[in-house]
Amino acid sequence: MSASITVSVAGNERSVAEATTAADLFADDRAIVVARVNGELRDLAHVLADGDAVEPVRIDDPDGLQVLRHSCAHVLAQAVQQVNPDAKLGIGPPIRDGFYYDFDVTTPFTPEDLKELEKVMQRIINEGQTFVRREVSDEDALVELAGEPFKCELIGLKGGSAEDAAEGAGVEVGGAQLTIYDNVRRDGTRAWGDLCRGPHIPTTKLLGNAFKVTRSSAAYWRGDQANQQLQRVYGTAWPTKADLTAYLDRLAEAERRDHRKLGIELDLYSFPDELGSGLPVFHPKGGVLKREMEDYVRRRHIEEGFLYVGTPHISKEGLFHTSGHLPYYADTMFPPMSMEGSDYYLKAMNCPMHNLIYRSRGRSYRELPLRLFEFGSVYRYEKSGVIHGLTRVRGLEMDDSHSYVTPEQAPAEIKHLLNFVLSLLRDFGLDDFYLELSTRDDSGAKKGKFIGSEEQWAEATQILADVAAESGLDLVPDPGGAAFYGPKISVQARDAIGRTWQMSTIQYDFNQPERFGLEYQAADGSRQQPVMIHSAKFGSIERFMGVLVEHYAGAFPPWLSPVQVLGVPVAEEYAGYLREVLSGLAAQGVRVELDESDDRFPKKIRNASKSKVPFVLIAGEDDRAAGAVSFRFRDGSQRNGIPVAEAAAEILAAIASRTQV
RNA sequence: GCCGCCUUAGCUCAGUCGGCAGAGCGAUUCACUCGUAAUGAAUAGGUCUGGGGUUCGAUUCCCCAAGGCGGCUCCA
């Protein structure tokens, strides 16, 4: 007699036969690839117990996608070891939009190798191999995997420390019970197997042809620079071929928006080799963009009560000892210049100099909050391998401010700063944010990096956390991500195609005021130490410009466009008429250009389109006769015969309101 | 900094199994003056990233350096 058990399936109580598997429950829906049993993801082959709560997980659910990609990583590893039996396995977790697998091989993978691997993977997938879970003891696993030194190392780390051992290592040995997943062919023979926590999709068939091997690179074993480098192969996998194609299209769109490419096309900036790596120069059009950004940000700061200051690019080293930066960041600062018996450093941060301004005379509590702000040029010796366009440079301009406040004023000031930075970002067209709270972490490798007492850190962190919570935005913890002198909130902004960028930062610092001996005289006549709050709104002007170029794909809103209005005469005869129209606009501060080349009209239209100028004004006989112009917009739409005064008013209004057209 | 790949005209890229280098776009000039994404023709433009080596001969092969790209590590 077969006993029955009661399970809860997607919230409904059901009585089923003993030994029923999750697969039995969801057999009629092929999109269900894994199950969540009592909150844990399980293979569909998992045998249910009385009282289990079972939820179906679809292939296109976030969890389902992770499982799909992790299974695809196994197929990749099987393919690699089929082609090269000497390859040793590292780890192979799912990542955003795909997966990777690390291998120890004597020669790195070539692009041809990757194509070959893709073919081998397709054959494995077509075989319809099933993923079969098998529990093993630690001892048996060590024997079976004696040829896989990295796996053996992970077995030694299994349990609580595995997640810390390496990002992604948890997918191999995350649980208390070690398991091996065997890939079994239809004839029952074992094709391959891998130490793995699982779960997996039931069969490789589900991968179809919706996967791709994308690239390879080196990666340090367990993410540590001190360890051996392995060769990492990246891939992507999706529920359907259409999903894969859409993903590849997204990548292509990101490539089209690449600010390095658009910077050349739009003649905004360049990176001359002669200057050195990571040192951009801004061409006239990029210069306009940069100046518009700075002018606007400077004005908004002043409106919000900041005082604009200026400080030099270099300083004697003592200053950076006082601040505490030099011991921590000496290797990321440019080496010093010796002059008149002193060592001078290019500054990598502005706060020490602002502290000197604060300290230049006695301060009263009546002056607080005292908010100092500048576009400070800083230089950081970024490692050669990390330099990237405008987003990671060695010379940059920070829109940096320091608010000096009483401890009681700190929460309100932080709130003020957060609202201020969010409003600034919105003005530039970014309006989708979340926050990150970077804190001290004494358990990890960064232990010892932080100065100040635990109580001070706890208090500062709590203040930031409270303000962040009050904002209503999502808050993501970032343990260990704080600077040495205090915790920080950072604002992450999503751009037009969904990528996130770290923008503004707000840091609570109780250390530097002490190190600099900053004080103010309180109402009772006593001397008190202020708290300083660091804040960068865009992080760096360069980086933010890069983000804006990609966010707008080079098609800036009129107020930021290097050229706002481009005149295109239908024929040479109408150039004079257009010139008059344009000079009228220029007199009102509009940035105008006239296409006086001897190109034919269609070519001028093409050039105008490629330049991404927001307003193209066209004039021919019809327009001139009517005292009008014709608009052509970036989307190709047009409005003909608009009276000149009306056109001018529309253009000026769009610029003034900072709207996109 | 580490690993891999790459560096040819202003830009995008061919090419040379080692024998004094090509295209398109762009630029300049001439003709054309045209109503919504490329008119035609001509001309100029390159110590083939730099330095060493091998060779009768190196842009091509080898070594080193610089710069770029993709990752890793890092990012006050």
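Below, read A as the first sequence line, B as the second, and so on, with proteins coming before strands; counting in each chain starts at 1. None of these values were measured; they are calculated from a predicted model.
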Checking contacts here: which listed nucleotide (B:rC2, B:rG67, B:rG35) is nearest the side-chain heavy atoms of A:N640?
B:rG35
Salt bridge check: are A:E118 and A:K115 linked by an N-O gap of less than 4.0 Å?
no
Check every strand shown and say whether A:K604 touches a base, only sugar-phosphate, or nothing at a heavy-atom separation below 4.0 Å.
nothing
Can you name the one residue among A:F484, A:Y485, A:F510, A:W457 that meets ring-ring contact (aromatic ring centres under 6.0 Å, His included) with A:F450?
A:W457
Between A:E550 and A:W501, does the side chain to side chain donor-acceptor pair (under 3.5 Å) criterion hold? Intermediate values first, please.
CA-CA 11 Å; A:E550 304 209 358; A:W501 304 85; 5.8 Å; no
Once you apply a heavy-atom cut-off of 4.0 Å, does A:Y485 come out as touching a base, just sugar-phosphate, or nothing?
sugar-phosphate
What do you reckon, do A:Y328 and the base of B:rA76 stack, with centroid distance below 5.5 Å and planes below 30°?
no
Distance below 4.0 Å between A:K603 side-chain N/O and B:rG26 OP1 or OP2
yes
Please work out if A:Q502 contacts a base, only the sugar-phosphate, or nothing of the nucleic acid, heavy-atom cut-off 4.0 Å.
nothing
Taking the minimum atom-to-atom distance to the side chain of A:R392, which one of B:rG1, B:rC75, B:rA76 wins?
B:rC75
Choose from B:rG70, B:rG67, B:rG1 the nucleotide whose nearest atom is closest to any side-chain atom of A:H388.
B:rG70
Sugar-phosphate only, base, or nothing, as touched by A:R215 at under 4.0 Å among non-hydrogen atoms
sugar-phosphate
Nearest to the side chain of A:F601, which nucleotide is it out of B:rC74, B:rC34, B:rG4?
B:rC34
Heavy atoms only, 4.0 Å cut-off, all strands: where does A:R543 land among base, sugar-phosphate and nothing?
nothing
Nearest of B:rG35, B:rA37, B:rC30 to any side-chain atom of A:I618?
B:rG35
For a quick test of reading the model: is some side-chain N or O of A:S217 closer than 4.0 Å to OP1 or OP2 of B:rC72?
no
A:R232/A:D102 ion pair, N-O < 4.0 Å
yes
Indicate yes or no: does A:R250 engage A:E253 in a salt bridge with an N to O separation below 4.0 Å.
no
Regarding the side chain of A:A218, the nearest nucleotide among B:rG35, B:rC3, B:rC72 is B:rC3
Could you check which of B:rC3, B:rA37, B:rC75 has an atom nearest any side-chain atom of A:I605?
B:rA37
Check whether any side-chain N or O of A:R606 sits under 4.0 Å from OP1 or OP2 of B:rU39, and answer yes or no.
no
Only one of A:H402, A:K488, A:E413, A:R371 clears side chain to side chain contact (heavy atoms under 4.5 Å, CB included) with A:I533; which?
A:E413
Which part of the nucleic acid, if any, lies within reach of A:R232 when heavy atoms closer than 4.0 Å are counted: base, sugar-phosphate only, or nothing?
sugar-phosphate
Out of B:rU39, B:rC3, B:rG67, minimum distance to the side chain of A:P602 belongs to B:rU39
For a quick test of reading the model: is some side-chain N or O of A:T110 closer than 4.0 Å to OP1 or OP2 of B:rG4?
no
Could you state the NZ-P distance from A:K612 to B:rA37, rounded to the nearest angstrom?
16 Å
Identify which nucleotide among B:rA76, B:rG1, B:rG35 has an atom closest to any side-chain atom of A:M333, counting heavy atoms from C-beta outward.
B:rA76
Checking all strands, does A:Y234 fall into the base, sugar-phosphate, or nothing category for heavy-atom contacts under 4.0 angstrom?
sugar-phosphate
Which nucleotide in B:rG1, B:rC3, B:rU36 has an atom nearest any side-chain atom of A:Q231:
B:rC3
